[in-house]
Amino acid sequence: MKDSGNDFSFIISAASAYFSNTKPICPSQFSWEGIFRVSVRNKIAPLIYSVFTDKIPEPFKAKFKQTYLFTLSANLYLWKQMEFLSQKLTQAGLSPLFLRGLPFTLEVYGDLGIRASEDIDILVRAKNWEIAYKTLKKLGYSPTPYTPTKIEAGQAPIHTNLFSKGRLVEIHTDILHLTIPVKIEEEIWERKRILQGNETKIYLPSLEHTLANLCIHLHRSGFSIFLWVLDIIGFLQKWKGEIDWHYLKDFSLRTKIHPFLYTVLSMVNQIVPESVPASFLLSIKPHPLIEQIEKYLWRGKPYIEWSKKHHNYSAAWTRFLHLLYPGRYGEKLLYLKKNILPPPAWMKKRYQTNSLFLAYSKRFSQVLKNRVTRG
């Protein structure tokens with residue numbers, strides 16, 4: 001069973017059956033080897049096991065069950081870590097919000113064994129980034145190899161993978177992952193939701209902010225992970241009737257993320273029709289020029305067709321597109337200046353030299369070398 005549109009059609013039908021609690025069409029007995037490979041590669045083997053539990057023939061049934069039990073045990077351990085971190089960060093005077101991951105799995109999938117989580121995503125206010133960093137450091141978490149130079153140079157990244165101890169903990173200060181964050185922090189916290197854990201309360205962003213985060217996360221990844229598409233489909237199946245679409249429209253237009261949402265949710269509507277109200281999509285439809293740029297970059301095709309080509313666009317595309325959108329030009333110029341000519345302290349630390357000239361020489365020679373190699 002090779003990679004094809006049929007693989008993704010099967011995944012979508014299985015996911016739809018799971019989310020809507022309807023009876024799925026069972027595959028033939030001879031196709032389970034290919035189904036197992038496809039479902040493991042797309043990280044949905046536990047979902048397939050849940051949908052077809054009594055219909056999967058041996059030895060594949062045992063293999064599917066193993067993926068479910070492994071996911072469940074890993075997520076239960078991670079859940080305890082999440083509750084622990086929530087308590088400690090709250091005691092430190094923070095109000096952490098948890099993005100996607102475990103709370104999302106429990107709310108949308110209803111079973112911690114269905115969807116694997118590889119990290120804990122925590123959102124804190126930008127002004128509290130240093131407190132969060134120091135708190136987690138006291139708890140024994142240490143920076144990943146990619147971030148120490150920025151931390152030591154006094155740069156608090158907008159979104160960075162900070163701590164690694166067995167599994168990854170990510171600290172975010174911008175729920176939208178934009179090139180230049182917008183000042184919406186208090187709005188995010190004012191609309192937060194509560195999920196009661198076993199030992200503590202877990203705070204989550206609102207339904208509208210969660211959907212925005214899911215869409216931009218998928219867009220930024222270049223639509224490279226099909227599971228994230230299923231996440232949005234499942235989220236909409238559960239919460240479509242409770243989402244404040246009027247607020248989401250206002251929020252997306254105000255923060256200028258509407259082209260991202262339009263691109264992702266239009267694609268979702270092609271896969272599962274009427275997942276998103278047509279009136280909402282019409283209300284956030286971007287300028288024709290921006291829409292054409294988006295269509296060119298993403299080829300304007302449904303995910304089923306072009307996902308099998310394993311496209312994995314760089315997050316740089318998202319940054320590039322965001323810079324094209326109207327408004328806040330002064331901030332964008334400062335952003336470009338900062339990225340073309342980073343602060344001297346960071347440059348010296350990054351390239352381990354006291355000579356600023358040598359640091360910049362190394363930086364630009366590295367950039368030139370990368371361009372030649374790619375060419």
Side-chain angles (χ1 to χ4, degrees), residues 1-82 100-121 166-168 198 214 217-218 221 223-238 268 271-272 275 303-305 307-310 312:
M1 190 174 182
K2 297 179 181 179
D3 264 346
S4 68
N6 291 333
D7 296 343
F8 293 99
S9 296
F10 167 73
I11 290 173
I12 291 166
S13 64
S16 295
Y18 180 85
F19 293 132
S20 60
N21 199 27
T22 57
K23 187 176 181 180
I25 300 175
C26 188
S28 68
Q29 185 175 355
F30 304 102
S31 61
W32 281 102
E33 182 176 353
I35 290 171
F36 181 72
R37 286 199 306 268
V38 170
S39 61
V40 168
R41 181 166 59 251
N42 288 280
K43 302 180 180 181
I44 61 143
L47 185 148
I48 300 298
Y49 173 71
S50 179
V51 172
F52 298 103
T53 305
D54 299 325
K55 299 179 176 63
I56 304 174
E58 295 290 359
F60 297 107
K61 185 174 182 178
K63 292 181 179 180
F64 275 102
K65 184 177 181 179
Q66 188 177 27
T67 65
Y68 172 83
L69 292 176
F70 176 82
T71 301
L72 179 61
S73 61
N75 280 352
L76 286 172
Y77 167 77
L78 207 56
W79 185 278
K80 298 294 289 186
Q81 291 294 308
M82 183 184 67
R100 303 185 301 273
L102 296 169
F104 181 89
T105 298
L106 192 62
E107 280 199 313
V108 174
Y109 292 87
D111 184 340
L112 287 178
I114 296 296
R115 187 194 185 283
S117 293
E118 298 178 353
D119 53 25
I120 300 173
D121 293 279
R167 287 192 176 239
L168 192 64
N198 294 329
L214 290 171
H217 192 226
L218 176 64
S221 77
F223 301 89
S224 59
I225 299 179
F226 189 62
L227 177 61
W228 295 351
V229 178
L230 296 186
D231 286 345
I232 295 175
I233 291 173
F235 182 85
L236 290 169
Q237 292 244 355
K238 181 176 178 63
V268 168
I271 296 174
V272 182
S275 292
Y303 188 95
I304 297 173
E305 293 181 24
S307 60
K308 56 192 174 186
K309 298 179 181 178
H310 304 294
N312 186 7

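Nothing here was measured: the structure is a model prediction, and the numbers come from that model.
- The CZ atom of Phe104 lies 10.5 Å from the NZ atom of Lys238; values are rounded to the nearest 0.5 Å.
- For the atom pair Ile44 CD1 and Ile48 CD1, the distance stands at 3.5 Å (nearest 0.5 Å).
- The distance from the CZ atom of Phe226 to the CG atom of Leu218 is 10.0 Å, given to the nearest 0.5 Å.
- The side-chain hydrogen bond (donor to acceptor under 3.5 Å, both in side chains) test with Asp231 singles out one residue from His217, Arg115, Arg100, and that residue is Arg115.
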Please list every donor-acceptor pair under 3.5 Å in which a side-chain atom of residues 58-71 meets a protein atom from a residue at least two apart or in another chain.
unit_1 : atom_1 : unit_2 : atom_2 : d
Glu58  : OE1    : Ala62  : N      : 3.4
Thr67  : OG1    : Phe64  : O      : 2.6
Tyr68  : OH     : Asp111 : OD1    : 3.2
Tyr68  : OH     : Asp111 : OD2    : 2.9
Thr71  : OG1    : Thr67  : O      : 2.8

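- Val272 is listed as a side-chain neighbour of Ser275, based on a closest heavy-atom distance under 4.5 Å.
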Anything under 3.5 Å between a donor and an acceptor, one on a side chain of residues 14-21, the other on a protein residue two or more places apart or in another chain? List them.
unit_1 : atom_1 : unit_2 : atom_2 : d
Ser16  : OG     : Ile12  : O      : 2.9
Tyr18  : OH     : Tyr109 : O      : 2.4
Ser20  : OG     : Ser16  : O      : 2.5
Ser20  : OG     : Thr22  : OG1    : 3.0

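- The distance from atom CG of Leu78 to atom CE of Met82, rounded to the nearest 0.5 Å, is 8.0 Å.
- Two rings, from Trp228 and Phe235, have their centers 6.0 Å or more apart.
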For this session: Apply side chain to side chain contact (heavy atoms under 4.5 Å, CB included) to Phe36 and Tyr49, showing your working.
Result: CA-CA 10 Å; Phe36 181 72; Tyr49 173 71; over 6 Å; no

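- With values rounded to the nearest 0.5 angstrom, Ile271 atom CD1 is found 8.0 Å from Leu230 atom CG.
- What you find for Gly113 and Pro46 is that their closest heavy atoms are O-CB, 3.1 Å.
- A 4.5 Å side-chain heavy-atom check between Leu47 and Val51 finds at least one atom pair inside the cut-off.
- Residues forming a side chain to side chain donor-acceptor pair (under 3.5 Å) with Gln237 (at least two apart in sequence, or on another chain): none.
- With Asn75 contributing its side chain and Leu102 its backbone, the two residues share no donor-acceptor pair below 3.5 Å.
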